[in-house]
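Working notes, structure below.
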Amino acid sequence: MPAHLTLHDTLTRTDREVTPLDGKTLRFYCCGPTVYGPAHIGNFRTFVAQDVMRRVVEASGTPTLHVRNITDVDDKTIRDSLKAGQSLLEFTQGWTAKFHADCDALNLLRPHTEPSAVAHIPHQIAMIEKLIANGHAYAAADGSVYFRVSSYKDYGKLSHLEDRELRLGASEAASATDSDEYTKDSLTDFALWKARKPEDGANFWPSSWGEGRPGWHLECSAMILEYLGEDFDLHSGGVDLIFPHHENEIAQSCCSTHGKFAHHWMHVAHLMVDGGKMSKSIGNLYTLEDLTKRGYSAVEVRYVLISGHYSTPLNFTMHSLDSARQALQKLAKADKALDRGTAPIPAAPGPFAEAWDTLLKDLNVPGALGSIFGTLNKLKPAALSADESANTRNGLHFMLQALGITLPAIMDEAATDVPAAIQSLAQQRWAAKQAKDWAAADTLRKQLEASGWLIKDSKEGFTVVAK
RNA sequence: GGCGAGGUAGCAAAGUGGUAAUGCACUGGUCUGCAAAACCGGUAUGCGCGGGUUCAAUUCCCGCCCUCGCCUCCA
């Protein structure tokens with residue numbers, strides 16, 4: 001695959017080719033979850049988009065180094081662990097396990113490295129010390145440490161917020177009344193280290209500025225330095241992280257190292273529910289479990305999440321899950337029609353070259369899916385020769401692998417676990433049909449349907465299918 | 001107020017300076033006793049509104065309306 005993925009870059013606002021700085025491995029970082037509860041499908045939209053990005057890069061022949069953090073210390077994890085009567089570690093490990101289970105169900109490739117913030121306190125402290133020594137940070141009277149935004153002239157270049165514009169909006173009033181803010185030199189300065197407070201419980205660490213804990217923005221910078229270095233290929237996260245989180249990361253990292261930090265920024269738009277924002281604070285969210293309880297599978301959820309371009313908001317509805325189910329069935333049936341008994345070798349897109357090209361152009365998944373169906377419709381799988389169908393199936397599997405889609409079982413397949421009573425009714429109906437007693441046959445079929453079973457007739461006999 | 005994204009068929013969602021992919025839903029036909037499945041078709045003279053540029057705009061430019069997000073923890 002000579003072609004390379006092109007991705008929109010938030011910083012330069014241009015589409016740029018994604019190629020490794022070291023010429024070998026694409027090294028990228030994704031902001032991971034804060035583990036204080038189950039992640040919702042909006043969170044997963046971002047992780048799934050990043051997963052597709054990684055899969056496409058790998059399918060195009062470039063190995064990756066994927067780093068994604070676990071935020072296991074912040075206001076919420078501390079608050080909720082105390083509420084649950086658990087240690088912070090115990091509490092966050094439980095939710096981390098849940099997160100991993102959901103990721104596996106959604107067919108997300110595990111990051112190569114998944115560092116936790118708590119496990120990297122010394123790294124964060126070291127970075128703060130550097131920033132203070134550089135004059136980019138200062139310790140306040142209460143033992144907190146802040147980054148001096150005015151010391152970094154490029155601050156705001158990612159979010160395109162001018163210094164004087166920062167916090168001039170609705171937040172100004174709120175910030176000014178927060179007692180914390182009085183210890184800062186400027187309203188725009190942000191915390192690198194938060195001095196210990198009574199509500200932190202046992203969750204504090206020693207430092208030369210006193211006991212406390214790292215600020216949220218710092219962990220990513222510190223762990224990126226540790227695992228990816230001063231310069232790396234790509235950084236990704238949800239759009240809401242552009243400001244202030246990623247802006248702060250850039251400031252912290254560029255002021256404490258000589259590198260340029262991320263060379264490419266990928267931001268994933270939000271998932272909407274019925275036209276509105278979905279978030280923990282509003283409470284209109286679905287977790288993966290909410291949907292599986294309603295009978296939907298994780299693949300179906302994944303399909304919905306990738307069915308809109310990652311850079312545009314996607315509206316989630318239950319109907320979209322039904323739609324995804326049917327689309328996946330269509331793919332599974334096409335795959336079956338192409339199956340002539342040889343195992344697929346998904347090494348090249350084959351007849352799906354157009355879909356692959358579409359995917360390489362800023363990860364246009366919906367465009368690629370459309371192209372896959374279009375190609376399938378045109379090829380008519382059932383009519384292909386053995387060689388053609390093998391080639392087509394290889395290509396289909398190549399595309400599915402790049403998209404991370406695993407085909408579901410075909411729903412209309414004959415059921416194997418038909419209860420004896422149902423089987424007997426079905427037999428009776430077949431007999432009635434053979435006798436051309438249509439009325440009786442239809443009555444029996446309706447009876448079976450009411451019990452949740454469908455009959456499919458063929459010339460030689462019938463099959464019973466779960467409804 | 002500042003920054004950003006978006007308005008395309010019933011729903012969802014691509015795309016293009018030359019007259020609209022695809023999935024779902026709906027629908028006609030073949031098949032079937034009738035169905036189901038499968039297969040073959042159909043379904044936006046139209047791409048928020050109004051101007052402009054052009055031989056030609058949904059696609060470029062200008063103005064306007066509306067929706068959503070960020071500016072505070074947030075994927």
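Quick note: numbers below take in every heavy atom, side chains included, and nothing from hydrogens, waters or symmetry partners. Just so we're on the same page: letters track the sequence lines, and every chain starts at 1. Treat the numbers as computed from the prediction; the structure is a model and nothing was measured.
- Between A/Trp265 and A/Phe261, the ring planes lie tilted relative to each other; the angle falls in the 30° to 60° range.
- Counting only residues at least two apart or in different chains, salt bridge (charged side-chain N to carboxylate O under 4.0 Å, His left out) contacts with residues 365-375 of chain A are absent.
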Which atom pairs, donor and acceptor, lie under 3.5 Å between side-chain atoms of residues 435-451 of chain A and protein residues at least two apart or in another chain?
from	atom 1	to	atom 2	distance (Å)
A/Asp437	OD1	A/Ala440	N	3.3
A/Thr443	OG1	A/Ala439	O	2.8
A/Ser451	OG	A/Gln447	O	3.0

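- Counting any heavy atom pair closer than 4.0 Å across all strands shown, A/Lys446 reaches no nucleic acid atom.
- For the side chain to side chain contact (heavy atoms under 4.5 Å, CB included) with A/Val48, the qualifying choice from A/Val365, A/Val268, A/Val304, A/Leu108 is A/Leu108, the only one to do so.
- Rounded to an integer number of Å, the gap from CH2 of A/Trp430 to C1' of B/rU32 is 11 Å.
- Checking A/Thr287 against A/His40 by side-chain atom types alone, no donor-acceptor pair falls below 3.5 Å.
- Rounded to a whole angstrom, the distance from the C1' atom of B/rU43 to that of B/rC26 is 8 Å.
- Residues A/His264 and A/Phe232 have side chains not in contact (no heavy-atom distance under 4.5 Å, counting atoms from C-beta outward).
- Taking atom C1' on both B/rA21 and B/rC60, the two are 23 Å apart, rounded to the nearest angstrom.
- Close placement of the A/Tyr286 and A/Phe316 rings is indicated, their centers lying within 6.0 Å of each other.
- Using a 4.0 Å heavy-atom cutoff across all strands shown, A/Gly42 reaches at least one base atom of the nucleic acid.
- For A/Met399 and B/rU22, the CE to P distance is 16 Å, given to the nearest whole Å.
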note = Writing each nucleotide of RNA chain B 5' to 3' as (, ), [, ], | or . by Watson-Crick or G-U pairing under 3.5 Å yields (((((((..(((.........))).(((((.......))))).....(((((.......))))))))))))....

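- For A/Asp72, the side chain to side chain donor-acceptor pair (under 3.5 Å) criterion is met by A/Ser116, not counting sequence neighbours.
- Backbone-only contact: A/Arg13 has heavy atoms under 4.0 Å from sugar-phosphate atoms and none from a base.
- Summarising the geometry, the separation between NE2 on A/His245 and P on B/rG69 is reported as 22 Å, rounded to the nearest angstrom.
- The stretch residues 313-323 of chain A touches RNA chain B through A/Pro313, A/Leu314, A/Asn315, A/His319, A/Ser323, each having a heavy atom under 4.0 angstrom from the strand.
- For the residue pair A/Glu219/A/Thr71, the side-chain donor-acceptor check at 3.5 Å is satisfied.
- Checked against ring-ring contact (aromatic ring centres under 6.0 Å, His included), A/Phe99 has the following partners two or more places apart in sequence or in another chain: A/Phe44, A/Phe47.
- A/Gln329 CD: more than 12 foreign heavy atoms inside a 6.0 Å radius.
- In this structure, A/His270 atom NE2 and B/rC68 atom C1' are separated by 11 Å, rounded to whole Å.
- In this structure, A/Lys157 places its NZ atom where more than 12 heavy-atom neighbours from other residues, nucleotides or ligands lie under 6.0 Å away.
- For the pair A/Met399/A/Leu359, a side-chain contact is recorded, criterion being any heavy-atom separation below 4.5 Å from C-beta on.
- As a whole-Å value, the separation of A/Leu363 CG from B/rG15 P is 12 Å.
- By the side chain to side chain donor-acceptor pair (under 3.5 Å) test, A/Ser221 is found to be paired with A/Gln252, A/Ser253, residues two or more places apart in sequence or in another chain being considered.
- Within a heavy-atom distance below 4.0 Å of RNA chain B, the residues of residues 304-312 of chain A found are A/Ser307, A/Gly308, A/His309, A/Thr312.
- B/rU45 and B/rC71: their C1' atoms are spaced 44 Å apart (whole Å).
- Taking the P atoms as reference points, B/rU72 lies 26 Å from B/rC65, given to the whole Å.
- Atom-to-atom, CG of A/Asp240 to C1' of B/rC70 comes out at 8 Å; the value is rounded to the nearest Å.
- For A/Phe28, the ring-ring contact (aromatic ring centres under 6.0 Å, His included) partners are A/His66, not counting sequence neighbours.
- The gap from the P atom of B/rC3 to that of B/rA9 amounts to 30 Å, rounded to the nearest Å.
- Contacts of A/Gly238 with the nucleic acid, taken as non-hydrogen atoms under 4.0 Å apart, involve only primed sugar atoms and P, OP1 or OP2.
- Residues from residues 105-117 of chain A lying near RNA chain B, meaning a heavy-atom separation below 4.0 Å, are absent.
- A/Arg302 has its CZ atom 19 Å from the P atom of B/rA75, to the nearest Å.
- In the model, A/Asp240 has a side-chain atom that pairs as donor or acceptor with a side-chain atom of A/His270 under 3.5 Å.
- Side chain to side chain, A/His245 and A/Glu249 meet the donor-acceptor criterion of an N or O pair below 3.5 Å.
- Rounded to whole Å, the C1' atom of B/rG15 lies 22 Å from the corresponding atom of B/rC49.
- Spacing of C1' atoms, B/rU32 relative to B/rA14, comes out at 38 Å, to the nearest Å.
- Using a 4.0 Å heavy-atom cutoff across all strands shown, A/Leu271 reaches at least one base atom of the nucleic acid.
- For residues 372-384 of chain A, no residue pair satisfies the salt bridge (charged side-chain N to carboxylate O under 4.0 Å, His left out) rule, not counting sequence neighbours.
- Whole-Å rounding puts the A/Arg325 CZ to B/rA12 P distance at 20 Å.
- Atom name P, nucleotides B/rC39 and B/rA25: the rounded distance is 14 Å, in whole Å.
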ask   = Using a cut-off of 4.0 Å between protein heavy atoms and nucleotide atoms, how would you tag nucleotides 33-43 of chain B 5' to 3' with B, S and -?
value = BBBBSS-S---

